[in-house]
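By convention here, the first residue in the shown sequence is residue 1.
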Amino acid sequence: MDLEGTGGQDGDQEDILEIALVPLHAGTVQVAESYTTVINPGRHIAVRPWLSPGLTNQVLADSPPLDRVEPELATRLHGRILVGHNVGVDWRLLHRRCPTVKPAGLIDTLRLARHLGGRTGNSLTALLDRHNLTRQVTDLAAGSQPHRALWDAIGAGLLLAALAHRLHQTPLVTLEELYSVAGIPLSSPASPRPPADHPGLF
C-alpha cells in the first residue's frame, strides 16, 4: 500500500490525495489485481514542493471524493496485512480518514531495511536502486512514477521480497519472522503479533 497526502503540516486536516493497493501472493506483486485512484479532497490544495508530481487541482477536482472510495478500500483491506515503506505514516492518515478500514496488521519495509543494517540512504527510491529494482518497478507501474502511489506501492512490494530473502538468505521467510523485525502495532504500543490465519498482504 501507498498513499499520498497533503502533508503533515496540515495536522488533523491532512487529506488523502491518492492511494494504491497492490496485492502480494507468495511474495509476488499482482499488478493486474491492483487498485489505485486519485481522491478529490473537496478543497483547493496550495502548490507545495513535497506534493506528488501530477496531483494538480484540476486532476483532483475530476476525481472521486473519499466517501465514494472508502467502501472499496474497506472491502479490499479487511483482514489483510498492509505492507508499505514507512507504512506507519500512511496508516495513521488512512485510519483517521477511513475508520471503516480494518486491516490485520502492518509490515514496514523501512524498519526491515534498518534491521538488515541500512542506517542511511533508506528512502524507497534509494533502496530500490540499491537492489536493482528500479527498472522493474517502472516497467510494472505503467504511467506512474516515483512518489506516486502506484509506483511506490509496487516498489514496496518488490522491496519486501528482496529484503525478506536477505533476512535469512533463504527463499522462505515466515510471517512471524517478518513481524518480529518489521511489524508495527495498529494502535497500541504492545509488540505486534501476526494473525493466526496469515491473511494476504498488501
Check: T28 main-chain N/O paired with Q30 side-chain donor or acceptor under 3.5 Å
yes
Say whether, by atom type as modelled, one donor and one acceptor occur between the side chain of R97 and the main chain of E14 under 3.5 angstrom.
yes
With rounding to the nearest 0.5 angstrom, report the CG to CG distance, D129 to L124.
9.5 Å
Say whether, by atom type as modelled, one donor and one acceptor occur between the side chain of H131 and the main chain of L127 under 3.5 angstrom.
yes
Looking only at heavy atoms, which two atoms of T37 and P64 are closest? And how far apart?
OG1-CG, 3.7 Å
Taking only residues two or more places apart in sequence, or in another chain, which ones meet E33 in a salt bridge (charged side-chain N to carboxylate O under 4.0 Å, His left out)?
none
Minimum side-chain heavy-atom gap L17-P41 below 4.5 Å
yes
Looking at side-chain heavy atoms only, is the closest gap between H165 and V173 below 4.5 Å?
no
Strictly distance-based, threshold 3.5 Å: is any side-chain N or O of S63 a donor or acceptor partner for the main-chain N or O of N40?
no
Main-chain N/O of I45 paired to N57 side chain as donor or acceptor, under 3.5 Å:
yes
Close side-chain approach of V101 to H95, heavy-atom, < 4.5 Å:
no
Contact between V89 and R92 at the side-chain level, heavy atoms closer than 4.5 Å - yes or no?
yes
Could you pull out all residues at least two apart from R48 that satisfy salt bridge (charged side-chain N to carboxylate O under 4.0 Å, His left out)?
D10
Say you draw a straight line from OG of S187 to CG of L106; how long is it, rounded to the nearest 0.5 Å?
9.5 Å
Result of checking T138, D152, I154, L150 against S144 for side chain to side chain contact (heavy atoms under 4.5 Å, CB included):
L150
Provide the closest heavy-atom pair for A46 versus L51 in the form atom of the first, atom of the second, distance.
O-CD1, 3.3 Å
Heavy-atom side-chain contact between Y35 and V22 under 4.5 Å:
no
Check P103 against W91 and note the closest heavy-atom contact, atom names and distance.
CD-CH2, 3.4 Å
Got a sec, which residues hit ring-ring contact (aromatic ring centres under 6.0 Å, His included) with H78, two or more places apart in sequence or on another chain?
none
Separation of L21 CG from S34 OG (nearest 0.5 Å)
8.5 Å
Measure from the side-chain N and O atoms of R111 to the backbone N and O of G183, and report whether any donor-acceptor pair falls under 3.5 Å.
yes
Does W151 offer a backbone N or O that forms a donor-acceptor pair with the side chain of Q145 under 3.5 Å?
no
Closest heavy-atom contact between E177 and T174?
OE1-N, 2.9 Å
Taking all heavy atoms of L55 and all of L60, pick out the closest pair and write down the distance.
O-CD1, 4.1 Å
Residue pair H85 / T109, side-chain donor-acceptor N/O under 3.5 Å
yes
Heavy-atom check, side chain of L167 versus side chain of L163, under 4.5 Å:
no
Should E18 and R148 count as an ion pair when the cut-off is N to O under 4.0 Å?
yes
So, T6 and D15: side-chain donor and acceptor under 3.5 Å apart, yes or no?
no
Do V137 and L158 touch side chain to side chain, with heavy atoms closer than 4.5 Å?
yes
Just so I know, are the side chains of L160 and L112 near enough to count as touching, which here means a heavy-atom distance under 4.5 Å?
yes
Which pair of non-hydrogen atoms, one from D108 and one from V87, has the smallest distance, and what is that distance?
OD1-N, 3.4 Å
